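Reading through the structure tokens given below for one structure.
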Amino acid sequence: MSVPRQPRPTSVDLVVIGSGTGLAAALSAHEAGLSVVVVEKSRWVGGSTARSGGAFWIPANPVLAAEGSGDTPERGAAYLEAVVDGSAPEQRWRSFLEHGTATIEMLTRTTPMRFLWARGYSDYHPELPGGTAEGRSCECRPLDLKILGADRARLRPAVLSAPVPMPVTGADYKWLNLMAKTPVRALPRIVTRLAQGLGGLALGREYAAGGQAIAAGLFAGVRRAGIPVWTETALERLLVEGDRVVGAELRHGETTFAVRAERGVVLATGGFDHDLPLRHAHHHRDLGDWSLGADSNTGDGIRAAQEAGAGTDLMEQAWWFPAVAPVGDAAPSVLLAERSLPGSLMVDGTGRRFVNESCDYMTFGQRVLGLARERAALPAMWLVFDQRYRNSYVFAGTHFPRAPLPKSWYEAGIAHRAGTPGDLARSMGVDADALSATLARFNQLAAAGVDDFARGASAYDRYYGDPTVTPNPNLRPLAGTLYAVRVVLSDLGTCGGIRADGLGRALSGAGTPVPGLYAIGNAAANAFGRTYPGAGATIGQGLVYGYIVGRHAAGKLPAAQAPGRPTAE
């Protein structure tokens, strides 16, 4: 449902602005008896959730329990206390833990989604207390997008589309990436997903996995509940009476109109991913517009909340992610498993290594930005690998083993190929002696399975390694023809934003709630502070806080249920 051509002022209980995990807030509030409308700035429904890998990270949730993970709330609390390490208020992550189970139960009741555990997808810091190498990440099982009917055309497209219909889950990705090295593990998965995709197509179905599945599942639940979703409708400002937010002024085309919200407004508008002036004010000035977040994420909700008296926190943070430097108008191509696979390493503009390449992507980005502060400039970065690596693994999600890298990459200077380290260095524009020495040192250690940067020491490192390579699945000496591909620091979205409490209520700079205003997802400051606990932590907290604010707005979640320290200290 879109906004009428001549919209009139409307009154509902709850206005949700943003259609990613904001849809979870709409479902929660509707199930609790409230009237709801969802407002979306772009023409698409799904936000950055639809562009994501689609995992969610929620400790001790019912999916984990049903599949025998043995996880407990106590272990989840121990892990989050260790990993957050005081960088976010305790009540934020404790409230997330307390309401995780109820969130998954609500989604199971209100949507067609059914979930699976990505067993073995390690927490990002499994060595910390409460961490687990088996992981806590879950995802939606492949879902038929045709359940959306005519609204299928309104679902935000994925970042990548497969050349053939093939719903690939995150649990499949690891083995599909290794299809040339582990065909016994990979081929059955490929055949299964191809059969599901092509068989579904023959039956008039369109199966998808990842972010497409979870966004479609949320959207299907909203449609089934009869909740309106007004697309191409932007937030102009929040309406405030006294100190309370009572609604929103919206714009659709050339028409501006007001919607009154009797129980509150939920800002689920995403971060400020594509507002470069705002990013340069809080992040590094050398960063380009390389975010993989939805292009409509320009900080509208954050600015509106500030005008209504809300404070902000963690504005310097983002879900950082290294990516292949884009050519022309192309989007960056993320580098996930590529950095962990043996026969590769990363160097900076000096030709030297600077990081454990296999570490989680947020830690990677923070290391890069630390170097930028030290050097007063964002470092140049290159992923260096050999021909055996190129023959063995999928690269940047779409370039299959043995396939040549795109000619446009060489023409743009983001890819180089040479027979010796010295020649490769000269082509890249880095010091030849430094790169040669770096490779010699790396090869010496890789042959022994050890590393100066402890690559392969963590279970998370090893998850994306090559199990056919020993003694360390992340390390192998490089030899023969060499390649270098330019890397930039991209992100999955910013994660600093509106200050919020354990009930998702927006807080003033002094730490007191702004009545009638909630913030969730990337519009709110990260509930995990400066850290990324595990795959799907961003969607996980968006879903859980969606549940929380919907219930709280309906009076079904009294303030006494918010654990942790008081809001104002």
Side-chain angles (χ1 to χ4, degrees), residues 1-8 10 12 14-31 34-52 54 107-114 140-162 164-167 196-235 250-255 257 259 268-270 294-297 543 546:
M1 180 184 296
S2 62
V3 173
R5 289 185 179 275
Q6 294 182 335
R8 296 182 296 275
T10 307
V12 294
L14 194 69
V15 174
V16 177
I17 304 180
S19 67
T21 55
L23 298 179
L27 288 167
S28 175
H30 178 270
E31 191 182 48
L34 300 187
S35 59
V36 188
V37 65
V38 177
V39 176
E40 168 57 48
K41 175 182 176 181
S42 77
R43 61 178 289 202
W44 308 109
V45 175
S48 294
T49 300
R51 294 171 55 82
S52 73
L107 293 175
T108 302
R109 288 191 304 269
T110 61
T111 78
M113 291 189 289
R114 296 297 177 263
C140 180
R141 294 181 182 276
L143 192 71
D144 177 14
L145 302 186
K146 292 294 182 68
I147 63 174
L148 293 174
D151 279 335
R152 166 65 184 93
R154 301 173 69 198
L155 181 69
R156 181 177 283 278
V159 173
L160 295 174
S161 57
V164 294
M166 185 176 172
Q196 187 173 26
L198 294 173
L201 191 65
L203 295 172
R205 299 171 185 169
E206 183 187 1
Y207 285 105
Q212 288 283 283
I214 201 164
L218 290 168
F219 192 13
V222 163
R223 290 178 75 247
R224 186 164 68 190
I227 300 169
V229 180
W230 296 346
T231 49
E232 298 180 276
T233 304
L235 171 65
L250 309 172
R251 177 174 45 80
H252 178 70
E254 300 300 318
T255 304
F257 63 104
V259 176
T269 51
D295 56 9
S296 54
N297 293 348
L543 295 174

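Source: prediction; values computed, not measured. All residue numbers in this chain count up from 1 along the given sequence.
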Give the intermediate values and the outcome of side chain to side chain contact (heavy atoms under 4.5 Å, CB included) for residues Arg154 and Arg43. CA-CA 7 Å; Arg154 301 173 69 198; Arg43 61 178 289 202; over 6 Å; no
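- Judged by distance alone, with hydrogens and angles left aside, the side-chain atoms of Ser52 form no donor-acceptor pair with the main-chain N or O of Ala50 at under 3.5 Å.
- Arg205 meets the salt bridge (Lys or Arg N to Asp or Glu O under 4.0 Å) test with no other residue; sequence neighbours excluded.
- Side-chain N or O atoms of Asp144 include one that pairs as donor or acceptor with a backbone N or O of Glu206 at under 3.5 Å.
- The shortest non-hydrogen separation linking Ala216 to Leu145 is CB-CD2, 3.5 Å.
- Judged by distance alone, with hydrogens and angles left aside, the side-chain atoms of Gln212 form a donor-acceptor pair with the main-chain N or O of Arg156 at under 3.5 Å.
- Remark: the backbone N or O of Ala225 is paired with a side-chain donor or acceptor of His30 at under 3.5 angstrom.
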Go through it in stages, so that I can follow the logic: the residues are Thr269 and Lys41, the test is side chain to side chain contact (heavy atoms under 4.5 Å, CB included), and I'd like the CA-CA distance, side-chain angles, deciding distance and then a yes or no. CA-CA 9 Å; Thr269 51; Lys41 175 182 176 181; over 6 Å; no
Side chain to side chain contact (heavy atoms under 4.5 Å, CB included) between Leu250 and Leu235: does it pass, once the steps are laid out? CA-CA 5 Å; Leu250 309 172; Leu235 171 65; 4.3 Å; yes
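- To the nearest 0.5 Å, atom CZ of residue Phe219 and atom CG of residue Asp151 are 4.0 Å apart.
- Interatomic distance, Leu107 CG to Met113 CE, rounded to the nearest 0.5 Å: 5.0 Å.
- Smallest separation of non-hydrogen atoms from Ala294 and Ser48: N-OG, 2.9 Å.
- Taking each heavy atom of Trp230 and Thr10 in turn, the nearest pair found is CH2-OG1, 4.2 Å.
- Side-chain atoms of Val259 and Val39, non-hydrogen and from C-beta on, never get closer than 4.5 Å to each other.
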Please report the C-alpha distance between Ile214 and Leu543 in whole Å, then the side-chain angles of each, then the deciding distance to 0.1 Å, and finally whether the side chain to side chain contact (heavy atoms under 4.5 Å, CB included) criterion is met. CA-CA 11 Å; Ile214 201 164; Leu543 295 174; 4.1 Å; yes
Show which side-chain atoms of residues 16-27 pair as donor or acceptor with protein atoms under 3.5 Å away, not counting sequence neighbours.
unit_1 : atom_1 : unit_2 : atom_2 : d
Ser19  : OG     : Glu40  : OE1    : 2.7
Ser19  : OG     : Gly46  : N      : 3.1

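- Remark: Asp295 does not engage Arg51 in a salt bridge, criterion side-chain N to carboxylate O under 4.0 Å.
- Across all their heavy atoms, Leu14 and Ala29 have their closest contact at CD2-CB, 3.6 Å.
- Looking at residues two or more places apart in sequence or on another chain, you find a side chain to side chain contact (heavy atoms under 4.5 Å, CB included) between Arg114 and Thr108, Arg141.
- Across all their heavy atoms, Pro112 and Gly217 have their closest contact at CD-O, 3.6 Å.
- Nearest approach of Pro228 to Val36, heavy atoms of both residues: CD-O, 3.3 Å.
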